[in-house]
Amino acid sequence: MAEENFFDRVYEVVRLIPAGRVTSYGAIAQFLGSKGSARIVGYAMGAAGKAFPPVPAHRVVNSQGLLTGKFHFDSFSQMEDMLASEGIMVEDSKVQNFKKVFWDPSIELTVD
DNA sequence: CGGTTGACTTTCA
DNA sequence: ATGAAAGCCAACC
């Protein structure tokens, strides 16, 4: 085990993403307290592949709803297929109804 | 300790 | 609207 301080934060948030919903790196970064760490979220996701329990990285996309990280999966269609299985409409590596399926941790997790 | 990298975001042209 | 460049923060070598 390693001290994935920032990574663990990202992993937890990503794991909290409900099925049929997606979020952006910036949203997670901002939820962590620093919007500038959006890249760090993506960097953490790179380690997510070896993280356990595995995080639904396929539910994390960029601000455009584009599946930028699909190249890191075993197969390019892997990410799209999983999102489709969740009920998310994906077209041309892009999440359709992105605004509808968008899940903002800073809002959903901040009920009070 | 310092430079490079990275599944990003935002802004200028 | 499209394209390129800068900015940002944390981890890795």
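None of these values were measured; they are calculated from a predicted model. Quick note on labels: first sequence line is chain A, next is B, and so on, each numbered from 1.
Nearest-nucleotide mapping onto DNA chain B: of Ser24(A) and Ile40(A), the residue sitting toward the 5' end is Ile40(A).
Rounded to an integer number of Å, the gap from Tyr25(A) OH to dA10(C) C1' is 16 Å.
A heavy-atom distance below 4.5 Å is not found between the side chains of Arg9(A) and Asn5(A). Residues Asp81(A) and His58(A) fail the side-chain proximity criterion, which asks for heavy atoms closer than 4.5 Å. You'll find the side chain of Val13(A) reaches within 4.5 Å of the side chain of Trp103(A), heavy atoms only.
For DNA chain B, the span of nucleotides reached by chain A at under 4.0 Å from its heavy atoms goes, 5' to 3', from dG6(B) to dT9(B).
Under the side chain to side chain donor-acceptor pair (under 3.5 Å) criterion, Asp104(A) pairs with Ser106(A), not counting sequence neighbours. Applying the side-chain contact (heavy atoms from CB on, under 4.5 Å) rule to Gln30(A) yields the partners Lys35(A); only residues at least two apart in sequence or on another chain are considered. Looking at residues two or more places apart in sequence or on another chain, you find a side chain to side chain donor-acceptor pair (under 3.5 Å) between Lys94(A) and Asp92(A).
Of the residues in residues 64-88 of chain A, those lying under 4.0 Å from DNA chain B by heavy-atom distance are Thr68(A), Gly69(A), His72(A), Phe73(A).
Side-chain atoms of Ser75(A) never come within 3.5 Å of backbone atoms of Gln78(A) as a donor-acceptor pair (strictly under, hydrogens ignored). At least one donor-acceptor pair closer than 3.5 Å links the side chain of Tyr11(A) to the backbone N or O of Ala44(A).
Looking at heavy-atom distances under 4.0 Å, Gly46(A) makes contact with a base. Counting non-hydrogen atoms under 4.0 angstrom, Ala57(A) reaches a base of the nucleic acid.
Taken together through direct or relayed side-chain contacts under 4.5 Å among Ile, Leu, Val, Met, Phe, Trp and Tyr, Leu66(A) and Val60(A) form parts of separate hydrophobic clusters.
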Give every pair of a protein N or O atom and an N or O atom of nucleotides 3-8 of chain C that lie under 3.5 Å apart, one pair per line with the distance.
from   : atom 1 : to       : atom 2 : distance (Å)
dG7(C) : O6     : Arg39(A) : NH1    : 3.0

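With Met79(A) as the partner, the side-chain contact (heavy atoms from CB on, under 4.5 Å) test is satisfied by one option alone out of Leu67(A), Val90(A), Thr68(A), Asp74(A): Leu67(A).
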